[in-house]
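Everything on this sheet refers to the single structure shown next.
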2 protein chains.
Amino acid sequence: MRNEAVSPPAPSSNPQPTHATKKRLLEAGLAMLLQQGYNDLGVQAVLDATSTPKGSFYHHFESKEDFALQVIDEYMKGVHAGLDACLGDEARPPLDRIRRFFEMTQQHYRSEGYMGCLLGGLGQELSGVSDVFRRRIEKCFSRIAERMAVCLEEARRRGDIPAESDPRQMADVLVDCWEGAALRSRLRRNPAPLTAMLDFYFRSAAAR
Amino acid sequence: MRNEAVSPPAPSSNPQPTHATKKRLLEAGLAMLLQQGYNDLGVQAVLDATSTPKGSFYHHFESKEDFALQVIDEYMKGVHAGLDACLGDEARPPLDRIRRFFEMTQQHYRSEGYMGCLLGGLGQELSGVSDVFRRRIEKCFSRIAERMAVCLEEARRRGDIPAESDPRQMADVLVDCWEGAALRSRLRRNPAPLTAMLDFYFRSAAAR
DNA sequence: GTTGAATTAGACCGATCGGTCTAGAGCGAA
DNA sequence: TTCGCTCTAGACCGATCGGTCTAATTCAAC
């Protein structure tokens, strides 16, 4: 439902970061926030990493907080693009589609040196101290679970999971367990906790 | 196996924080680290909260990092005390003992306003930046899972879970999923994710 | 009471923090 | 060319950071 590019120029009010500097800042910010977290990351470090003067930063962003929130938005665009690609794939059974999404996510984690999930990292660091971040991040998880619940409902109708299952609750449990496994994967710097968790979940969901 | 108080005075080399000031600092530090995390917490804030001068802090602790590591040690004493109390309870079936431990932990979370688990919080915040914390926290999780695996092995022998189960892997999955649920509980400020995850896990573990 | 170590007390340090401000460069439209 | 707006550039700000240092105090052992 998001508005795509309608026509080439289209100077819309708030499009994708069409501006090169802003885009660079957001990309560097994503990698740095993922690794260092929020409070350990200084604005100056982002500036140095991108050879950007401070004036540009505060031209594009109201504050460090605003910057991090926009990094989260960028991150979520990627997540939802992955969900679009996987969950809509009618050729596969719904449970397979969900699993495939997580397996692709796992590959993504690997490519970043097992730094886990930005939502989990910032959620743990900031939710005790900032209601803005707490609510924003909870909303992100909630949206993801919502989309998975649609798929699980389809699985339920097909009889792939028990008829008495509650798809939304199962989706929340899945997302939460994934986040826990992502933390452990980050601590161990390997993917084993992720695959072990997925194996357990999908075996259990189908079996009982 | 830990040494208990042998005789009242006993000036041993590194006992429990017998010293009142150090104890106060660690207690305040636990609550503050749980809420604010590491990087957002200034040493001065701990000093103010406990009316302690800076000289005392750096008398008892080498550095802020040393302080946080000792706070983790204190936290783990509590966790292992809980495990001692629950897992050894021969009157209950092994699976019940584990579940009871988590239910007590959940009560503990509630009493602290659903700030989740210190290991999860610091693990996410620091594991990308500090190998010291990363390894320490991984070790903590590993020890907890190890103890639960003993109980799960007992459950396996009794036939409460399938004979082909791998207790250690099941224990790791359980701990990881719990941490994920604890994060979500922190984001939502309520216990629902914790109970949903436990329900799913124990139903699945026994059933299949 | 004297001594010496443990602890308290807090001024002080350089570095870094997030953020502001002014100046000018770049550039498209008129 | 000139205007006007966007964006770059970086000096500068007060506050706070973790940590050091010296002096005063406390307290137990003798």
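Letters A, B, ... are given to chains in the order of the sequence lines, protein chains preceding strands, and every chain is numbered from 1.
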Handout entry: Selected nucleotide, minimal atom distance to K64(B) side chain, candidates dG19(C), dG19(D), dC17(C)
Key = dG19(D)
Fill in the blank from the handout: The residue, G55(A) or L41(A), whose nearest nucleotide of DNA chain C is more 5′ is L41(A)
What pairs of donor and acceptor atoms, side-chain ones from residues 51-60 of chain B against any protein atom, are under 3.5 angstrom apart with sequence neighbours left out?
| unit_1 | atom_1 | unit_2 | atom_2 | d |
| --- | --- | --- | --- | --- |
| T52(B) | OG1 | R24(B) | NH2 | 3.0 |
| T52(B) | OG1 | T50(B) | O | 3.2 |
| T52(B) | OG1 | T50(B) | OG1 | 2.7 |

Problem - T21(A) vs dT8(D): side-chain N/O to OP1/OP2 distance below 4.0 Å - result: yes
Completion exercise
H59(A) atom NE2 is separated from dT20(C) atom P, nearest whole Å, by 15 Å
Practice task
Could you tell me whether the phosphate oxygens of dG10(D), OP1 or OP2, come under 4.0 Å of any side-chain nitrogen or oxygen in K54(A)?
Solution key: no
Problem - K22(B) NZ to dT8(C) C1', straight-line distance once rounded to whole Å - result: 16 Å
Practice task
Please state whether the phosphate of dA6(C), meaning OP1 or OP2, lies under 4.0 angstrom from any side-chain nitrogen or oxygen of H60(B).
Solution key: no
Exercise for the section: Check whether any side-chain nitrogen or oxygen of S56(B) sits under 4.0 Å from OP1 or OP2 of dA9(C), and answer yes or no. Expected result: no
Problem - Side chain of P53(B) (C-beta onward), nearest among dA9(D), dG10(C), dC17(D) - result: dG10(C)
Completion exercise
K23(A) atom NZ is separated from dC7(D) atom P, nearest whole Å, by 16 Å
Exercise for the section: Whole angstrom is fine here: how far is it from CG in L47(B) over to C1' in dT16(D)? Expected result: 14 Å
Handout entry: Touch class at under 4.0 angstrom, heavy-atom based, for S63(B) against every strand present
Key = sugar-phosphate
Practice task
Using a strict cut-off of less than 4.0 Å between a Lys/Arg side-chain nitrogen and an Asp/Glu carboxylate oxygen, indicate whether R143(A) and E146(A) qualify as a salt bridge.
Solution key: no
Handout entry: Whole angstrom value for the distance that separates P of dC12(C) from CD of Q44(B)
Key = 15 Å
Exercise for the section: Just compare dG18(C), dC7(D), dT7(C) and give me whichever is closest to any side-chain atom of Y58(A). Expected result: dG18(C)
Practice task
Mind calculating the distance between CG (N39(B)) and P (dT16(D)) to the nearest angstrom?
Solution key: 17 Å
Exercise for the section: Examine dT7(C): is either OP1 or OP2 under 4.0 Å from a nitrogen or oxygen in the side chain of H19(B)? Give yes or no. Expected result: yes
Exercise for the section: Write down the distance between CZ (F67(A)) and C1' (dC17(C)), rounded to a whole number of angstrom. Expected result: 16 Å
Problem - Mutual orientation of the aromatic rings belonging to F61(A) and F67(A) [parallel < 30°, tilted 30-60°, perpendicular > 60°] - result: perpendicular
Exercise for the section: Assess the pair F202(A) and W178(A): is the distance between their ring centroids shorter than 6.0 Å? Expected result: no
Problem - Upstream residue (5' side of DNA chain D) when R24(A) and E65(B) are each assigned their closest nucleotide - result: R24(A)
Completion exercise
note: F61(B), atom CZ; dT7(C), atom C1'; distance rounded to Å ~ 13 Å
Practice task
May I ask you to check whether over 12 heavy atoms, not counting those of Q107(A), lie within 6.0 Å of atom CD?
Solution key: yes
